[in-house]
Amino acid sequence: MTELTQGKAWKALKAHTEGLAHMRALFESDTQRFDHMSTSACGLFLDYSKNRANQETMSLLFNLAKDAQLESKIKAMFNGEMINTTEKRAVLHTALRAKPEQEIMLDGVNIVQEVQETQQQMEQFVDAVSSGNWKGYTGKKITDIVSIGIGGSFLGPKIVSQALRPYWSKQLNCHFVANVDASSIVEKLKPLNAETTLFIMSSKSFGTQETLTNTLSAKDWFIEQGGSQADVAKHFVAVTSNVAKATEFGIDADNIFPMWDWVGGRYSLWSAIGLPIALLIGMDNFRALLSGANEMDQHFINAPLSENMPVIMGLFSLLYGNFHDAQSHVVLTYDHYLRGLPAYFQQLDMESNGKSVTLDGTEVDHSTGPVIWGGEGTNGQHAYHQLLHQGTALIPADFIMPLQSHNPLGEHHVQLASNCFGQTQALMQGRSYEEALKELADSKLPADEKSVIAKHKVMQGNKPSNTILMDKLTPQTLGALIALYEHRTFVQGAIWQINSFDQWGVELGKTLGNDVLDRLSAENNATELDCSSNGLINMFRQKKI
Ligand SMILES: O=P(O)(O)OC[C@H]1O[C@H](O)[C@H](O)[C@@H](O)[C@@H]1O
């Protein structure tokens, strides 16, 4: 048994949640619930009234957070304490968006200054490329960026670029390659001209197989297309914390943008890993993205728990996982530009909180991170929302929508909003048997059939959702939104006392993958593994289908 589940706050919450009324009743008993259970911060508005909670639930959740010393844990992260204990690292992605005048000392160095220097390096590069001063090997200006990276070195830049499409400058296009499957890079390179293409190789470790292989193939393609070895410097830059390895690989030392081991991959878009974003939207907009995240950082560290948006959202997620047996959480973006965000939050949360032991190695006796999934509304309404409404699993949902569209065309946005709000309402209130029967009143069906059909139309309701609104999707509000989810993830990890900043499960996959790679190209058939792995390896070796 962990201390957490034996604590007073945990037990009180358990007893309380069992007796809580249906949300419909909660809304009936408090007509001001929307005002009581909503909050604003950093350009974001959060309506959390459609949750299985009343004021007492909220106090019990805040008690749980206090007992877990959440506030001092937040400070420890911001102060650069070594909270990633298994990798012996500080966790300081917040320093990447700190104000230039701030001072954050780590091992005797003010890291904010290093961050600022790298941002200046980025700015010079962005200016050179966008102005056309940076020329390709035949003297032409760059028109296409190919960003090569995977995991955090892919999802952040890709999804933020996609989300900020309305802010792209006209000069550049960007293409992202992550998977080691050759089809990905081959298809991406097909329409491109090597003379006007610039490759950004993004890898914190500079040791990730997929990224190294894709970069080598990109280099081969570049040479095949007419570039020479000497021209590589004009067409390949790298972002990495392993400068030595990047230089050894052949990247010109002047073209390497540094990052640091205190930035986790899934928290790295704010560093030079965000270079593709900066190239597309310009450095001013990139700084606005950082500023939005910094605003959320200030809110997270300063706002009292009861008004703290990431704390409230983190506690709700924990409530459903630990006390209502929810095993997944859906993120529904009612904005086409934000369609990639669920995948981004998926890596952020599942890689951070998919853990089973506490910091001291004790096995947890409660669930930890849920499966995060989702997609773009309204598309999902015509597909998986069926399960949200009538399936047996409880799936809490986040609905995210800007109040104004970047494309105010006819009735589109009002229809989008009506669907978004209508879904949260339907999930909350559901439809009772009596209501379903009443709806069938005019039908000519016999009474017994009506009764059966009415049963099929029943929706339990009481399905929780948060609604996050913003005036408009801008670099600033997007920065705040992403930082909100980063901190929401932190809140849960801190209460569960797990390490949200390592990823040993992913590492194992890499190690075993390398071992299999050796066996696939060995002289003899594999015999030493389990018979399934041997069988698969040997089939591949013989190319039998
Ligand atoms: O940036 P890299 O060192 O190439 O790492 C890329 C990715 O590798 C691993 O899979 C990690 O789990 C990710 O968090 C990381 O973002």
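Each ligand, and each atom within it, is numbered from 1 in the order the structure gives. Start at 1 with the first residue, then count along the sequence.
- Every pair passing salt bridge (Lys or Arg N to Asp or Glu O under 4.0 Å) that includes a residue from residues 263-274 is listed here, sequence neighbours excluded: Arg266-Glu351.
- Using a 4.0 Å heavy-atom criterion, the residues that approach ligand 1 are Ile150, Gly151, Gly152, Ser153, Ser203, Lys204, Ser205, Thr208, Gly265, Gln347, Glu351, Gln503, Val506, Lys510.
- Residue pairs meeting the salt bridge (Lys or Arg N to Asp or Glu O under 4.0 Å) criterion with at least one partner in residues 473-487, sequence neighbours excluded, are Arg97-Glu486.
- The residue from Phe78, Trp260, Tyr267 that alone fulfils the ring pair (Phe, Tyr, Trp, His ring centres under 6.0 Å) condition with His93 is Tyr267.
- Residue pairs that meet the salt bridge (Lys or Arg N to Asp or Glu O under 4.0 Å) test with at least one member in residues 195-212, sequence neighbours left out, are Lys140-Glu195.
- Salt bridge present: Glu187 and Lys190 bring a charged side-chain N and a carboxylate O closer than 4.0 Å.
- Geometrically, Lys73 does not engage Phe490 in a cation-pi contact, judged by NZ or CZ lying under 6.0 Å from the ring centre and within 45° of the ring axis.
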